[in-house]
Amino acid sequence: VGALVIVKDCEYVDVLFWVLEEYWSLGYGTEICLNLLQYCKQIGIQKIVASAVDLNSASTKILARLGFKQVRKFINQELQLPETKYELYV
């Protein structure tokens, strides 16, 4: 269906998630993020960092809906596309 990658730093986690195209618009991205928030609260993580390519409106909407705040815009060097970094304090 997809994947979730969590990279734990000392004070926060950096997350990456993706859903295979045939499962888009079925709520899996939201479900992944909701479970991630619950998990981070359980283990005492207070800050979550995520990035999304600006063209990926589904991911940017999920992050905004869950309360993530935009903190920085940049060009993803690998993809050569505009991307936004988000943070959420839980």
Identify whether [X] and [Y] are in the same connected component of the hydrophobic contact network (ILVMFWY, side-chain heavy atoms under 4.5 Å).
X: Val90; Y: Val71; answer: no
X: Val7; Y: Leu4; answer: no
X: Leu26; Y: Leu66; answer: yes
X: Val19; Y: Leu34; answer: yes
X: Leu20; Y: Leu16; answer: no

Not counting sequence neighbours, which residues clear salt bridge (charged side-chain N to carboxylate O under 4.0 Å, His left out) with Glu31? List them please.
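Listed in chain order: nothing, the list is empty.
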Name all residues meeting the salt bridge (charged side-chain N to carboxylate O under 4.0 Å, His left out) criterion together with Lys41; count only those two or more places apart in sequence or in a different chain, and write none if there are none.
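Scan of Lys41 (salt bridge (charged side-chain N to carboxylate O under 4.0 Å, His left out), adjacent residues dropped) gives none.
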Hydrophobic cluster of Leu79, others only, ordered by chain and residue number, side-chain cut-off 4.5 Å:
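Direct or chained contacts put Leu79 with Val53, Leu55, Leu81.
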If a pair satisfies side-chain hydrogen bond (donor to acceptor under 3.5 Å, both in side chains) and one of its residues is in residues 77-86, list it, with sequence neighbours excluded.
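Output for this query lists Asp54-Thr84, Lys73-Thr84, Asn76-Glu83.
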Mind checking what makes side-chain hydrogen bond (donor to acceptor under 3.5 Å, both in side chains) contact with Tyr12, not counting sequence neighbours?
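If we apply the side-chain hydrogen bond (donor to acceptor under 3.5 Å, both in side chains) test to Tyr12, skipping adjacent residues, the hits are Asp9.
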Sole residue of Ile6, Val5, Val49 in side-chain contact (heavy atoms from CB on, under 4.5 Å) with Val13:
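It is Ile6; the other options fail the test.
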Does any non-hydrogen side-chain atom of Ser59 lie less than 4.5 Å from one of Trp18?
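Trp18 vs Ser59: side chains apart.
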Do the non-hydrogen side-chain atoms of Leu88 and Leu37 ever get within less than 4.5 Å of each other?
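Result yes, sub-4.5 Å side-chain heavy-atom pair found.
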Output, in order, the C-alpha distance, side-chain angles, deciding distance and verdict of side chain to side chain contact (heavy atoms under 4.5 Å, CB included) for Lys8 and Ile45.
CA-CA 9 Å; Lys8 187 175 184 299; Ile45 295 297; 3.6 Å; yes
More than 12 foreign heavy atoms under 6.0 Å from NZ of Lys61: is that the case here?
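Result for NZ/Lys61: open.
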More than 12 heavy atoms from other groups under 6.0 Å of CD on Glu11:
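Atom CD in Glu11 is not packed in, count stays at 12 or less.
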For a side chain to side chain contact (heavy atoms under 4.5 Å, CB included) check, start with the C-alpha distance between Ile48 and Phe68, then their side-chain angles and the critical distance, and finish with the verdict.
CA-CA 9 Å; Ile48 303 170; Phe68 282 79; 3.9 Å; yes
Rounded distance (nearest 0.5 Å) linking atom CD of Glu87 with atom OG of Ser51
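Those atoms lie 9.5 Å apart.
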Would you give the length of the straight line joining atom CZ of Phe17 to atom CD1 of Ile62, rounded to the nearest 0.5 angstrom?
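One gets 4.5 Å once the value is rounded to the nearest 0.5 Å.
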side-chain contact (heavy atoms from CB on, under 4.5 Å) against Ser25, all qualifying residues, sequence neighbours excluded:
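With neighbours one apart ignored, the set is empty.
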